[in-house]
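All remarks here apply to the structure that follows.
Side chains are part of it too, since the values below use all heavy atoms of this structure and drop only hydrogens, waters and symmetry mates. Because the structure is predicted, anything quoted here is derived from the model rather than measured.
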Amino acid sequence: MAKPKTQFVCQECGYISPKYLGHCPNCGKWNTFEEQTAQKENNSLKSTRRMDFNGKQAKPELISEVSYDKENRFETDSDEFNRVLGGGVVPGSLILIGGDPGIGKSTLLLQISGQLGKKDQTILYVSGEESASQIKIRAERLGVEGKNLYLYPETDMGAIKSAIDELKPDAVVVDSVQTISEPEVDSSIGSVSQVRAITSDLMSIAKTNGITIFLVGHVTKGGAIAGPKTLEHMVDTVLYFEGDMHHSYRILRAVKNRFGSTDELGIFDMQESGLEEVANPSEVFLEERLKDATGSAIVVSIEGTRPILVEIQALITPSVFGNAQRTATGIDRNRVAVLMAVLEKRAGLMLQNQDAFLKAAGGVKLNEPAIDLAVAIGIASSYRDVGTNASECYIGEIGLTGEIRRVNRIEQRVAEAKKLGFSRVIVPKNNLQGWKVPNGIDVVGVSTLSEAIKIALR
């Protein structure tokens, strides 16, 4: 009897090699190859044919003849969840939710399932990790009603497809994709081959039958969803559920969304009764700020369509080592290094022998250029040991020559600052044109970094 042909597959990126490799040439990871039986080509080709539960196959159509419902999104009772998805759930979409173990992914999806069930949507909750009684206990604690919500503890993909065919639900939750097995794939559960085959099957079901499918993906030690590229390239939407296990606040962030913005985020508070929405996250991020603290600066950042006020904290201390440290949490470390170089060259601050520690308070991650001015003011405040005005915030991008460059959506930023009770906002001078400053707040335009520091720290 002929020996089955084997191959080695990287468990990080899915790269296939005929022999074992210690270092993956595709993703650069070490010791990630696993020996698997090579799949027959005819089986793989057969499994990729799209066909709905009625036996109807997809065929080429003129784009002018394709029909769709313009109002096809359906909303949950969670405004934060709807915002991150771009305005609601799109039928037939494949949504992946990843996050650290115990962060609240199953809790979020169980609450969403209960909300959709109240709207006469039929939901099938497939769990490969818990029994039906365990899910029932959590549902009662969260106050989730059982209307139109079916629980199905199963790990066999063939049985799951049969259950979907029989029930014909509006939405399916699979918790989690790493626990489901595809009988036709000869590899261990959770491997790249298994995850690829299962996701392909679920994608075909979603697209051909208009069923929304939520996938839960585990996160690896490196912080990426297990089988990252395999999953993220195949699904429509990728959501990351982030937070600190020692704090109650959770952030739902979209990193890929074919039906909406990838900059949106939703804020939740983990309570005993489940996840509760945080309607005004700016108050959360600012509630513990000390008055007249040195190294503290407030910025109005735009996350998707939402303006959020965040406190940027900086601590500048003399270095005791040969090379000064540059540490940043929630802010790009390279951006901090560039801003400190501009401060030293253009504003006359001697920072080359100073350690710098910066963070965005509240666990939020800030990436846009408009935070530059607040970061620079925070660094200058800590270096000079002069506190900033507690009723003042800073918005602007800093160029390498020390100029303050204009930013987008200045009207929304200023309106949010006024809403939170701030009396003055320092903005780029070029942003003062083309709009009317609202009453009750002072907007100061600056053109250089030195000018901004002089006004903020006088």
Side-chain donor-acceptor pair under 3.5 Å between [X] and [Y], yes or no?
X: Asn334; Y: Arg326; answer: no
X: Ser319; Y: Asn353; answer: no
X: Gln271; Y: Ser273; answer: no
X: Glu129; Y: Thr179; answer: no

Check residues 448-458 and write down every donor-acceptor pair under 3.5 Å in which the side-chain atom is one partner and the other belongs to a residue at least two apart or another chain.
| unit_1 | atom_1 | unit_2 | atom_2 | d |
| --- | --- | --- | --- | --- |
| Thr448 | OG1 | Glu451 | N | 3.2 |
| Ser450 | OG | Arg346 | O | 3.2 |
| Glu451 | OE1 | Ser447 | N | 3.3 |
| Glu451 | OE1 | Ser447 | OG | 3.3 |

Note, [X] side chain near [Y] side chain (heavy atom, < 4.5 Å):
X: Leu116; Y: Thr76; value: yes
X: Asn280; Y: Glu416; value: yes
X: Phe8; Y: Glu34; value: no
X: Ser78; Y: Gln111; value: no
X: Tyr394; Y: Val299; value: no

Arg333, CZ: over 12 other non-hydrogen atoms inside 6.0 angstrom: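 Counting other residues, nucleotides and ligands, CZ of Arg333 stays at 12 neighbours or fewer.
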Which residues share a side-chain hydrogen bond (donor to acceptor under 3.5 Å, both in side chains) with Arg138, sequence neighbours left out: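 Checked Arg138 against side-chain hydrogen bond (donor to acceptor under 3.5 Å, both in side chains); matches are Glu130.
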Where the side chain of [X] meets the backbone of [Y], is there a donor-acceptor pair that is under 3.5 Å apart?
X: Thr212; Y: Val90; result: yes
X: Lys418; Y: Asn439; result: yes
X: Glu277; Y: Asp79; result: yes
X: Arg406; Y: Asn430; result: yes
X: Gln121; Y: Asp170; result: no
X: Gln313; Y: Ala361; result: no
X: Asn431; Y: Val407; result: yes
X: Lys359; Y: Gly330; result: no
X: Lys256; Y: Glu232; result: yes

Salt bridge Arg73-Glu75, side-chain N to carboxylate O under 4.0 Å: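 Salt bridge flag = no for Glu75 with Arg73.
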Arg250/Glu80 salt bridge by N-O under 4.0 Å criterion: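 Salt bridge between Glu80 and Arg250, a charged N being under 4.0 Å from a carboxylate O: no.
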Parallel, tilted or perpendicular, as decided by the 30° and 60° cut-offs, for the rings of Phe33 and Tyr15: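 The rings of Tyr15 and Phe33 stand perpendicular, inter-plane angle above 60°.
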Minimum-distance pair of heavy atoms, taken over all atoms of Arg306 and Pro281: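 Nearest pair, atom of Arg306 first, then Pro281: NH1-CG, 3.7 Å.
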Exercise: identify the closest heavy-atom pair between Asp236 and Gly92: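 For Asp236 versus Gly92, the nearest heavy atoms are OD2-O, 4.1 Å.
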